[in-house]
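Just so it is clear, the values below take in all heavy atoms, side chains as well, and ignore hydrogens, waters and symmetry mates.
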Amino acid sequence: MSQTPAAASTSDSLTTPLARAAAVPVPPADSLAGRFALAANPHPATDAERAQALTDLHFGRVFTDHMAHARWTRTGGWTDHAIIPFGDLTLSPAAAVLHYAQEIFEGIKAYRHADGSVWTFRPRYNAARLNLSARRMAVPELPEEDFIASLVDLVRTDEAWVPSGEGESLYLRPYAFASEAFLGVHAADTIDYYVIASPSGAYFTHGLQPISIWVAQDYHRAGRGGTGFAKTGGNYASSLLPQQEAAAQGCDQVCFLDDVTEKNLEELGGMNLMIVDADGTVRTPRLTGTILEGNTRSAIIRLLQDAGRRVVEETIPLERLLEDIDSGKVREVFACGTAAVVVPLGRLKGKDFDVAIEGSEVTHEIYDRLTGIQYGRLEDPYDWMYRLA
């Protein structure tokens, strides 16, 4: 099946606004530190409790002693920047987020290097994407350097919570939501911003073992003109029922098709897709406004291109992918995202098909290269890593 020129283009990882934002230098952490004043937790975890949490790591289950916070009001802008004790929030039952889902979030990690220092990966990309999501969700933009400062101050406060084992990290979750109490469909006048942190092991406990994918053909993650490109909770809520369907079919994750033709691959519930052809070309679904532009996706495109591989963003019909797997044109398929980094797809299943995908060579190469940079084991020629503490 041929592709029209409009549907396929060689990828340039520096052409999107988010990728360009990631290339803008960030001031040293020492110059940003202190923007979020510390109000220390009077009852932090004991050394024994923290040691136990760092020994028995699970993704997003245990949280550090503190969290970052700022508040926006329509009359006062962003104020009250602080590092405060981690704890339950007090919200009115009429808080707008509970009724109208005006909310955005991000995901980013802090990595412990061998010398004990703590680093993060392309933080301005996440800061810019938070604001991209904010514009779509009618949430006020947070200055990018305030976003990064919130990570600096939180990680420096809770540095002892950053694990040091293979594949381990401190997962950081910045988010903002409409906290104003009202029942009425309009953008809120009060927004609260937080960053919480969770020491975590690998997202998939089986590491780089291939996962199985269920292709949802009755549900869609997002629609044209909607919020698919934004990182907002509703996109993930819409994936939960199909994810249950995937589990019932013996699959680990769900993959969505486009909402217009219902034939073209888009993304998994929380990861982008990449397909490796026998000739070495790597293809990925083009950004249509319904696909989240992943930080990991962007970095992998750059790594692949610099390794001499041709990377193409195009419309990828499911039917053609199945034919190409059967003929041997496609050697491997992998998914990528902040939490999982990369993971090979070993099985693709749907209502009337069930195919195996054997290859994972490029997946392993990319995993080793990317994590090598993130954990400081390999040179970082792109200045992607940013020292927090």
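- A salt bridge does not link Arg112 to Glu168: none of the charged nitrogens lies less than 4.0 Å from a carboxylate oxygen.
- Ion pairing of Arg129 with Glu144 is absent here, as no side-chain N (NZ or NE/NH1/NH2) approaches a carboxylate O to less than 4.0 Å.
- Checked for salt-bridge contact, Glu319 and Lys263 miss the test: no charged N lies under 4.0 Å from a carboxylate O.
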Does the pair Arg377 and Glu166 meet the rule for a salt bridge (Lys or Arg N to Asp or Glu O under 4.0 Å), with working shown?
CA-CA 11 Å; Arg377 297 188 295 267; Glu166 178 67 27; 3.8 Å; yes
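- Rounded to the nearest 0.5 Å, atoms OG1 (Thr157) and NE2 (His66) are 6.0 Å apart.
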Please test Glu293 against Ser298 for side chain to side chain donor-acceptor pair (under 3.5 Å), starting from the C-alpha separation and ending with a verdict.
CA-CA 8 Å; Glu293 186 179 343; Ser298 171; 5.6 Å; no
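- Look at Arg50 and Asp47 and you find a salt bridge, because one of the NZ, NE, NH1 or NH2 atoms lies within 4.0 Å of a carboxylate O, short of that distance.
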Arg286/Thr315 under side chain to side chain donor-acceptor pair (under 3.5 Å): CA gap, chis, key distance, verdict
CA-CA 6 Å; Arg286 64 187 181 96; Thr315 300; 2.9 Å; yes
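- Shortest non-hydrogen contact noted between Ile211 and Gln253 is CD1-CG, 4.0 Å.
- Contact check on Lys351 versus Asp218 returns a salt bridge, with a Lys/Arg side-chain nitrogen under 4.0 Å from an Asp/Glu carboxylate oxygen.
- A salt bridge links Arg347 with Asp354; the closest basic N to acidic carboxylate O contact falls under 4.0 Å.
- Under the 30°/60° scheme for interplanar angles, the aromatic rings of His69 and Tyr194 are found to be tilted.
- Tracing side-chain contacts under 4.5 Å through hydrophobic residues (I, L, V, M, F, W, Y), one reaches Leu348 starting from Val343; they form part of the same cluster.
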Any chance you could lay out the side chain to side chain donor-acceptor pair (under 3.5 Å) test for Thr261 and Asn264, step after step, and finish with the verdict?
CA-CA 7 Å; Thr261 71; Asn264 303 316; 3.1 Å; yes
Passes salt bridge (Lys or Arg N to Asp or Glu O under 4.0 Å), Glu103 versus Lys231? Steps please.
CA-CA 9 Å; Glu103 180 269 351; Lys231 202 164 177 67; over 6 Å; no
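- No side-chain heavy atom of Ile275 sits less than 4.5 Å from a side-chain heavy atom of Thr284.
- Here Glu106 does not pair with Arg173 in a salt bridge; the nearest charged N to carboxylate O distance is not below 4.0 Å.
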Assess the residue pair Arg331 and Glu358 against the criterion (salt bridge (Lys or Arg N to Asp or Glu O under 4.0 Å)); give the C-alpha distance rounded to whole Å, side-chain angles, the decisive distance to 0.1 Å, and a yes or no.
CA-CA 7 Å; Arg331 290 289 177 83; Glu358 301 296 338; over 6 Å; no
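- Between His113 and Trp119, the two ring planes are parallel [angle under 30°; tilted spans 30° to 60°].
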